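Data block below; observations after.
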Amino acid sequence: MKVINHIREIRLSKGISQVKMAEDLQITRQTINAIEKNKYNPSLELALKLIDYFDVPIEDLFYLEQEEKR
């Protein structure tokens, strides 16, 4: 199973740039880009910071992609 996120959609809906978000969370813009492209899963600490930053429930940010059953 793969972790999928809606960080980009939520960030854009709130009008926040990757640069601003990186500054606010004290991480690199490249980290945000990798997370948004599902190339990197954030640490638990960063995931909790993202939930707090956007003030949304965890299930609005992250979910497990379901594999097709054969």
Side-chain angles (χ1 to χ4, degrees):
M1 290 187 167
K2 182 176 178 183
V3 176
I4 305 296
N5 71 72
H6 293 290
I7 293 170
R8 182 175 192 273
E9 294 89 340
I10 293 170
R11 177 180 60 75
L12 292 175
S13 74
K14 293 181 180 274
I16 301 169
S17 70
Q18 283 187 344
V19 172
K20 170 76 170 128
M21 186 174 155
E23 289 171 356
D24 291 345
L25 294 172
Q26 298 180 336
I27 58 175
T28 66
R29 186 199 58 76
Q30 290 84 352
T31 298
I32 293 171
N33 189 51
I35 293 169
E36 288 183 351
K37 292 184 175 200
N38 295 302
K39 293 182 178 182
Y40 172 75
N41 287 329
S43 66
L44 178 57
E45 179 182 358
L46 181 52
L48 292 171
K49 286 180 180 179
L50 289 165
I51 292 163
D52 185 57
Y53 184 74
F54 290 122
D55 192 28
V56 296
I58 190 169
E59 57 272 6
D60 286 359
L61 279 185
F62 302 101
Y63 68 93
L64 285 175
E65 180 180 61
Q66 299 297 317
E67 296 179 4
E68 290 184 23
K69 295 183 179 181
R70 295 179 185 200

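All figures in this text were calculated on a predicted structure; none of them were measured in a lab.
- For the side-chain hydrogen bond (donor to acceptor under 3.5 Å, both in side chains) test, residues two or more places apart in sequence or in another chain that qualify with D24 are K20, Y53.
- In this structure, Y40 has no ring pair (Phe, Tyr, Trp, His ring centres under 6.0 Å) partners at least two apart in sequence or on a different chain.
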Steps toward side chain to side chain contact (heavy atoms under 4.5 Å, CB included) verdict (L50, L25):
CA-CA 8 Å; L50 289 165; L25 294 172; 3.6 Å; yes
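- Interatomic distance, E23 CD to Q26 CD, rounded to the nearest 0.5 Å: 10.5 Å.
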Just do the side chain to side chain contact (heavy atoms under 4.5 Å, CB included) check on Q66 and M1 with the steps written out, would you?
CA-CA 6 Å; Q66 299 297 317; M1 290 187 167; 3.6 Å; yes
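- Rounding to the nearest 0.5 Å places CZ of R11 at 12.5 Å from CG of L61.
- Of all the heavy atoms in P42 and A47, the pair that sits closest is CB-N, 4.2 Å.
- Here N38 contributes atom CG and N5 contributes atom CG; the two are 5.0 Å apart, rounded to the nearest 0.5 Å.
- No single ILVMFWY cluster, assembled from side-chain heavy atoms under 4.5 Å apart, contains both F54 and V19.
- Taking the side-chain hydrogen bond (donor to acceptor under 3.5 Å, both in side chains) definition, one finds that R29 meets it with Q18, sequence neighbours left out.
- Rounded to the nearest 0.5 angstrom, H6 NE2 and L12 CG are separated by 13.5 Å.
- In this structure S17 satisfies the side-chain hydrogen bond (donor to acceptor under 3.5 Å, both in side chains) test with no other residue, sequence neighbours excluded.
- Cluster membership for I35 and I16, using ILVMFWY side-chain heavy atoms within less than 4.5 angstrom, is shared.
- The salt bridge (Lys or Arg N to Asp or Glu O under 4.0 Å) analysis of residues 45-55, with sequence neighbours excluded, yields the pairs E45-K49.
- Cluster partners of I4, by chain and number: Y63. The rule joins Ile, Leu, Val, Met, Phe, Trp and Tyr whenever side-chain heavy atoms lie under 4.5 Å apart.
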